[in-house]
There are 2 protein chains.
Amino acid sequence: MMEKDDFTPQDFLPFLLNRAAEECSLEFQGEYKNRYGMLRTEWRVLFHLGIYGSLTAKEIGVRAKIHKTKISRAVAKLAERRFVTRNRDENDRRAEHLALTPAGEMAYRDLRSVAREYDDKLTSRFSEDEAVLLRRLLKKLSGIET
Amino acid sequence: MMEKDDFTPQDFLPFLLNRAAEECSLEFQGEYKNRYGMLRTEWRVLFHLGIYGSLTAKEIGVRAKIHKTKISRAVAKLAERRFVTRNRDENDRRAEHLALTPAGEMAYRDLRSVAREYDDKLTSRFSEDEAVLLRRLLKKLSGIET
DNA sequence: CCTTGTTAGTTACAAAATCAACTATTATCG
DNA sequence: CGATAATAGTTGATTTTGTAACTAACAAGG
């Protein structure tokens, strides 16, 4: 009973992904937490609105793979702080179009530059090609090609 | 005031990492959850013991970048289910050496083969070179070269 | 020895995530 | 039309996590 055994569990992808994601998220958290007292889900929502302009909670969930209750609560907090506005869709009154307020825009641009610096710091460990490839592969893993 | 603007926040690495890790972890969870009712941290601990034989909670934490309280609770559950044993270090009686019981070994080998299949499925989307590079880069990101 | 500091691991309490059930609205189809 | 199903989003109950404080054991310096 010959068993091919080239599998090294310490290289198990979900395992490596979790570890890297955890490491980076925690480190990056230090950069923004004391700026706006924002939680991980909140800046992710903020980023999405900053990038794409206006989205519904549902759309954010699909793009970012975040659970809808997490988004619901994050949006509630962001709206409370006047970082986002909610606008009912007139064609489908279940959906709400979310967008950044000017204050939200400012916070986004600020965090965006912090993110850029941190991203540069991370990718400085790689060659340009490696960085490009890494991003492409990560997108492939989450089933998103764009 | 010219601003170089080659930074696309939707490609922000911590963001891509989180999304990919979340996607894979959730999908993989479906493969093992109903087998042993194990949580993410628990199988990660189980894997480490399976791979490295015997470790202290501290060592697992460093290698896997998992917070010590999470490990403490995961170990408690695994011990309760008779998957791991605890042995006080005689030289330093603060530390405990953890190891798998035969039942733990069986669970590990079972999950390991599930993991192998899932890993194959994931990496089948890439070329061999890409898969190797991806793992290398992920290790680099978590500050571990080995 | 004995104070002070450090480390391994646990635990209490607060914060957050998950799950299930819910409202309100729209879609489907007999 | 009218019943049933589906969808966007919210809320409450439960579970899990993170923070900080704790115990117990060791270490170093006086």
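Letters A, B, ... are given to chains in the order of the sequence lines, protein chains preceding strands, and every chain is numbered from 1.
- For B/Arg135 and B/Asp119, the salt-bridge test passes: some basic side-chain N is under 4.0 Å from an acidic carboxylate O.
- Remark: A/Lys58 NZ is loosely packed, at most 12 non-hydrogen atoms of other residues, nucleotides or ligands lying under 6.0 Å away.
- Residue-to-nucleotide contacts include a donor-acceptor pair under 3.5 Å from the side chain of A/Arg73 to the base of D/dG12.
- Between B/Leu26 and B/Glu59, it is B/Glu59 whose nearest contact on DNA chain C lies nearer the 5' terminus.
- Side chain of A/Thr41 to main chain of A/Lys70: no donor-acceptor pair is present (N/O by atom type, distance under 3.5 Å, no hydrogens or angles).
- B/Arg86 comes within 4.0 angstrom of sugar-phosphate atoms only, judged by non-hydrogen atoms across all strands, and of no base.
- A close approach under 4.0 Å does not occur between any side-chain nitrogen or oxygen of B/Lys70 and OP1 or OP2 of D/dT16.
- Checking the phosphate oxygens (OP1, OP2) of D/dA8, no side-chain nitrogen or oxygen of A/Thr56 falls inside 4.0 Å.
- Comparing D/dG18, C/dT25, D/dT10 by their nearest atom to the side chain of B/His67 picks out D/dG18.
- Under 4.0 Å is where a charged nitrogen must lie from a carboxylate oxygen, and between B/Arg109 and B/Glu105 at least one such pair does.
- A/Thr69 comes within 4.0 angstrom of a nucleotide base, judged by non-hydrogen atoms across all strands.
- Both A/Ser72 and B/Arg94 sit near DNA chain D, but only A/Ser72 has its closest nucleotide nearer the 5' end.
- Of the two residues near DNA chain C, A/Asn91 and A/Thr41, the one whose nearest nucleotide lies more 5' is A/Thr41.
- Nucleic acid contact for B/Lys68: base, since at least one base atom lies under 4.0 Å from a heavy atom of the residue.
- Residue A/Arg93 places no side-chain atom within donor-acceptor reach of the base of C/dT25, judged by atom type and a 3.5 Å distance cut-off alone.
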